[in-house]
Asker: 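Let me give you the structure first, and then I'll get to my questions.
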Amino acid sequence: MDKITAIRGFKDILPGETEKWAFVEEKAREIFANFGIREIKLPILEKTELFTRGIGETTDIVEKEMYTFRDRGNEYLTLRPEATASVIRAYLEHNMHESEPLTKLFTIGPMFRRERPQKGRFRQFHQINVEIIGQKDPRVDAELMLMLVQFLSAVGLSHLKLEINSLGCPRCRPAFRKTVISFLRGKENGLCPDCRRRLKTNPLRIFDCKVETCREIISSAPVILDFLCDECREHFEKVKEYLTIFGISFEINTKMVRGLDYYTQTAFEVITESPGAQNAVAGGGRYDGLSKELGGEDFPGIGFAIGFERLVSMIPMKKEDFVKHPRLFIAALGEDAQKFAFTLTNKLRMAGIRTEMDLSDKSLKSQMRRSNKLECPYTLIVGQKEIEENKAELRNMEEGTQETVELDNIIERIQLRIRD
RNA sequence: GUGGGUGUAGCUCAGCUGGUUAGAGUGCCGGGUUGUGGCCCCGGAGGUCGGGGGUUCAAAUCCCCUCACUCACCCCA
């Protein structure tokens, strides 16, 4: 019989790694709370239409990456490839704007995209999403980025680069798009096959092509920022101004475009210098048209997504730093001592002290080795002799010293001695 | 979907141009005085050499197919 394995691009997150994940989540919850952002939990399965309408029919995600199937009721369902559409759906479904003019939400969970896995990219991956809905004020954009930067440095990341751009709006982007197309007319032969295709489907994407010849051609192309309408320009200027107030360093990257249709105006990314091609830890932007696209009123929104796996892989601390070692190991010899140790171990656990023992009746040496391996700072040694004399040996593993303790009120005695 | 790399012990890997019972380090188990860890020493368990087919007297090693993993492209977090 063949062993059954996890499916391609789906990963188990094992102990040692999960502690790191918990740490990241705790930090997120703590910092987001300071900024008034509340958690929303969303289904991971949605009607397919939510994504085809929200993300855009012609995007790669919708065209070839979604896990879509028909359920037993013949309804088309999709494992969510991203969270923003779901957040807006929930926002509209529960009329959240009625009770709160500015709604600030975060959610953490798995996303699914059927791509070829590689470093920093999986078919099931996790994101931390934050969405602020209801106001178009550039201060919202700025504080969102401020919070993102603070969070990333709180989990220990450094050498990060914040890149920002403005993508314009439905009023000013079309003109830019036209200009780019006519700029590229006659230069098609210099473009890579992908970009020639993009010229028809999504010409703005040519801006972030990595092929050298394309980069050369596009480097002299017109820049979106020169085409912004007054409102978009004003908004972008304010965003930059507020970022500067907070002392957040950023770079303007006019070549940054976003893959999903719903983005407008502010777009941003946090890039790392970690090796590998997938160097974006977080990305986001404003999506003022999305809510209308999903059949709601016209609510402005802005948000970002942090790639959980990418973030965790960059945390400088080692796995061991997150593991909670037992505080005490109980080594017991003989039947009476084992019985005593078993009840004591669990009583100590219930009293809040991480305690381990050995259940397989091994030699003292073997039990000591195990205590050492688990990095327990203390070991309580109980044998037949100790039971009879109503005492035990408490050994300090770091210093190699030990003392005799009475078994009466042993829990209190231990608590007193092994407190960190 | 396209291209490159790699599949040998739980883990990390060595096995050159094919040649006796497939190795190391680490981890695991046990021992080194009768009831005391780490360092050191000794012993032990553990492998369909990813799978299938072929060439050969002989294949972990050469050839073909297949699967998996991995890196990169596309795209994105």
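Note that this is a predicted model, so its numbers are computed, not measured. By convention in this document, chain letters (A, B, ...) are assigned in the order of the sequence lines, proteins followed by strands, and residues within each chain are numbered from 1.
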Asker: Between A:Gln367 and B:U36, does any side-chain N or O lie under 4.0 Å from OP1 or OP2?
Answerer: no
Asker: Would you measure the distance from the C1' atom in B:A22 across to the matching atom in B:A58 and give it in whole Å?
Answerer: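 Straight-line distance between the two C1' atoms is 16 Å.
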Asker: With sugar-phosphate meaning primed atoms plus P, OP1 and OP2, does A:Glu399 contact a base, only sugar-phosphate, or nothing at under 4.0 Å between heavy atoms?
Answerer: nothing
Asker: Which whole-number value in Å describes the distance from A:Phe112 CZ to B:C76 P?
Answerer: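 Whole-Å distance recorded here is 20 Å.
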Asker: Write down the distance between CZ (A:Arg114) and P (B:A77), rounded to a whole number of angstrom.
Answerer: 20 Å
Asker: Answer yes when A:Glu115 and A:Arg121 have at least one side-chain N-carboxylate O distance shorter than 4.0 Å, and no when they do not.
Answerer: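 Salt bridge: yes.
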Asker: Using the C1' atom as the reference point in each nucleotide, state the distance between B:C67 and B:U48 in Å, no decimals.
Answerer: 16 Å
Asker: Which of the following nucleotides, B:G32, B:C75, B:A77, is nearest to the side chain of A:Asp60?
Answerer: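 Of B:G32, B:C75, B:A77, B:C75 is nearest to the side chain of A:Asp60.
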Asker: Does any donor-acceptor pair link the side chain of A:Asn372 with the base of B:G38 at a separation under 3.5 Å?
Answerer: no
Asker: Take atom CG of A:Leu380 and atom C1' of B:U36, then tell me their distance rounded to the nearest Å.
Answerer: 13 Å
Asker: Calculate the interatomic distance between A:Asp361 atom CG and B:G30 atom C1'; express it in whole Å.
Answerer: 15 Å
Asker: With heavy atoms under 4.0 Å as the rule, sort A:Gly284 into base, sugar-phosphate or nothing.
Answerer: nothing
Asker: Where the side chain of A:Arg116 is concerned, which of B:A77, B:G35, B:C73 is the nearest nucleotide?
Answerer: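 Output: B:C73.
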Asker: Considering only atom P, compute the distance from B:A24 to B:G37 and round it to an integer number of Å.
Answerer: 27 Å
Asker: When the C1' atoms of B:G46 and B:U26 are compared, how many Å lie between them, rounded to an integer?
Answerer: 14 Å
Asker: Across the strands shown, which category fits A:Ile381 at heavy-atom distances under 4.0 angstrom: base, sugar-phosphate, nothing?
Answerer: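 It contacts base atoms.
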Asker: What interatomic distance, in whole Å, is found between C1' of B:U21 and the corresponding atom of B:G25?
Answerer: 23 Å
Asker: Return yes if the base of B:C75 and the side-chain atoms of A:Arg121 contain a donor-acceptor N/O pair under 3.5 Å, otherwise no.
Answerer: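 Side chain to base: pair present.
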Asker: Rounding to a whole Å, what distance do you find between A:Phe122:CZ and B:C69:P?
Answerer: 12 Å
Asker: Any salt bridge between A:Lys47 and A:Glu49, counting N to O under 4.0 Å?
Answerer: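 Judged by the 4.0 Å cut-off on N to carboxylate O distance, A:Lys47 and A:Glu49 do not form a salt bridge.
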Asker: Hey, does the side-chain of A:Lys373 have a donor or acceptor N/O within less than 3.5 Å of a partner on the base of B:G27?
Answerer: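 Answer no: no donor N or O sits under 3.5 Å from an acceptor.
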Asker: Please determine if A:Lys187 forms a cation-pi arrangement with A:Phe183, meaning its NZ or CZ atom is less than 6.0 Å from the six-membered ring centre and no more than 45° off the ring axis.
Answerer: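 Yes, a cation-pi geometry.
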Asker: Tell whether A:Glu393 reaches the base of B:U36 with its side chain through a donor-acceptor pair below 3.5 angstrom.
Answerer: no
Asker: Determine the Euclidean distance between corresponding P atoms of B:G30 and B:U36; express it in Å to zero decimal places.
Answerer: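 Rounded to whole Å, the distance is 15 Å.
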Asker: Provide, to the nearest angstrom, the distance between the CG atom belonging to A:Asp358 and the P atom belonging to B:G37.
Answerer: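 Distance, rounded to whole Å: 15 Å.
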Asker: What is the distance, rounded to the nearest whole Å, between atom CD of A:Glu389 and atom C1' of B:G35?
Answerer: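 In whole Å, B:G35 C1' lies 13 Å from A:Glu389 CD.
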Asker: Once hydrogens and angles are ignored, does a donor-acceptor distance under 3.5 Å link the base of B:C76 to the side chain of A:Arg310?
Answerer: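 Yes, the side chain and the base share a sub-3.5 Å donor-acceptor pair.
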Asker: Salt bridge (Lys or Arg N to Asp or Glu O under 4.0 Å) with A:Lys373: which residues, sequence neighbours excluded?
Answerer: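 For A:Lys373, no residue satisfies salt bridge (Lys or Arg N to Asp or Glu O under 4.0 Å) once neighbours in sequence are set aside.
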Asker: Under 5.5 Å centre to centre and under 30° between planes: does that hold for A:Phe125 and the six-membered base ring of B:A77?
Answerer: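 Given the distance and angle limits, yes, they stack.
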Asker: Any side-chain N or O of A:Gln118 under 4.0 Å from OP1/OP2 of B:C71?
Answerer: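 Answer no for this pair, as no side-chain N or O of A:Gln118 is under 4.0 Å from OP1 or OP2.
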Asker: Among B:U36, B:G1, B:G30, find the nucleotide with the atom closest to the side chain of A:Lys362.
Answerer: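 Among the listed nucleotides, the one closest to the side chain of A:Lys362 is B:G30.
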Asker: Do A:Glu17 and A:Lys20 sit within salt-bridge range, that is, some charged N less than 4.0 Å from a carboxylate O?
Answerer: no
Asker: Under 4.0 Å, heavy atoms only, any strand: does A:Glu63 hit a base, just the sugar-phosphate, or nothing?
Answerer: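 Nothing, no heavy atom under 4.0 Å.
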Asker: Is there a side-chain polar atom (N or O) of A:Thr59 under 4.0 Å from OP1 or OP2 of B:C75?
Answerer: no
Asker: Distance between the C1' atoms of B:C62 and B:G23, in whole angstroms?
Answerer: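 About 22 Å, rounded to a whole number of Å.
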Asker: Does A:Arg369 place a side-chain N or O at less than 4.0 Å from the phosphate oxygens OP1/OP2 of B:G38?
Answerer: yes
Asker: At 4.0 Å (heavy atoms only), tell me whether A:Glu309 reaches a base, stays on the sugar-phosphate, or touches nothing.
Answerer: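 Answer is nothing: A:Glu309 stays at 4.0 Å or more from every strand.
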Asker: Do the rings of A:Phe151 and A:Phe32 sit parallel, tilted or perpendicular, given the 30° and 60° boundaries?
Answerer: tilted
Asker: For B:A45 versus B:G38, give the span between their P atoms, rounded off to a whole number of Å.
Answerer: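 Roughly 23 Å separates the two P atoms.
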Asker: Between the base of B:G38 and the side chain of A:Glu375, is there a donor and acceptor pair under 3.5 angstrom?
Answerer: no
Asker: Nearest-Å distance, CG (A:Leu364) to P (B:G32)?
Answerer: 12 Å
Asker: Donor-acceptor pair under 3.5 Å: do we get one between A:Arg8's side chain and the base of B:A68?
Answerer: no
Asker: Between B:C75, B:G31, B:U36, which nucleotide gets closest to the side-chain atoms of A:Glu65?
Answerer: B:C75
Asker: So, A:His325 side chain and A:Glu375 main chain: donor-acceptor pair closer than 3.5 Å or not?
Answerer: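 Looks like no, no N/O pair under 3.5 Å.
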Asker: Return the pairing partner of B:G30 with a 3.5 Å limit on both distances, Watson-Crick or G-U wobble; otherwise return none.
Answerer: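 With both distances under 3.5 Å, B:G30 matches B:C42.
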Asker: Side chain of A:Lys119: nearest nucleotide among B:A72, B:A77, B:U70?
Answerer: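 Ranking B:A72, B:A77, B:U70 by closest atom to the A:Lys119 side chain puts B:A72 first.
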Asker: Pick the closest RNA chain B nucleotide for A:Pro117 and for A:Gly120 by heavy atoms, then say which residue is nearer the 5' end.
Answerer: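 The residue whose closest nucleotide sits nearer the 5' end is A:Pro117.
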Asker: Counting Watson-Crick and G-U wobble pairs only, both distances under 3.5 Å, name the nucleotide matched with B:A68, or none.
Answerer: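 Across all strands, the one nucleotide that pairs with B:A68 is B:U6.
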Asker: Does A:Ser366 place a side-chain N or O at less than 4.0 Å from the phosphate oxygens OP1/OP2 of B:G30?
Answerer: yes
Asker: What contact category does A:Ser363 fall into here, base, sugar-phosphate, or nothing, at under 4.0 angstrom with non-hydrogen atoms?
Answerer: sugar-phosphate
Asker: Pick base, sugar-phosphate or nothing for A:Arg370, based on heavy-atom distances below 4.0 Å to the nucleic acid.
Answerer: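 Counting heavy atoms under 4.0 Å across all strands, no contact is made by A:Arg370.
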Asker: Answer yes when A:Arg413 and A:Glu406 have at least one side-chain N-carboxylate O distance shorter than 4.0 Å, and no when they do not.
Answerer: no
Asker: So, does the side chain of A:Arg395 form a donor-acceptor pair with the base of B:G37 at under 3.5 Å?
Answerer: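 Pair found.
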Asker: Just one of A:Leu50, A:Ile44, A:Leu45, A:Ile40 clears the side-chain contact (heavy atoms from CB on, under 4.5 Å) bar with A:Ser86, so which one?
Answerer: A:Leu50
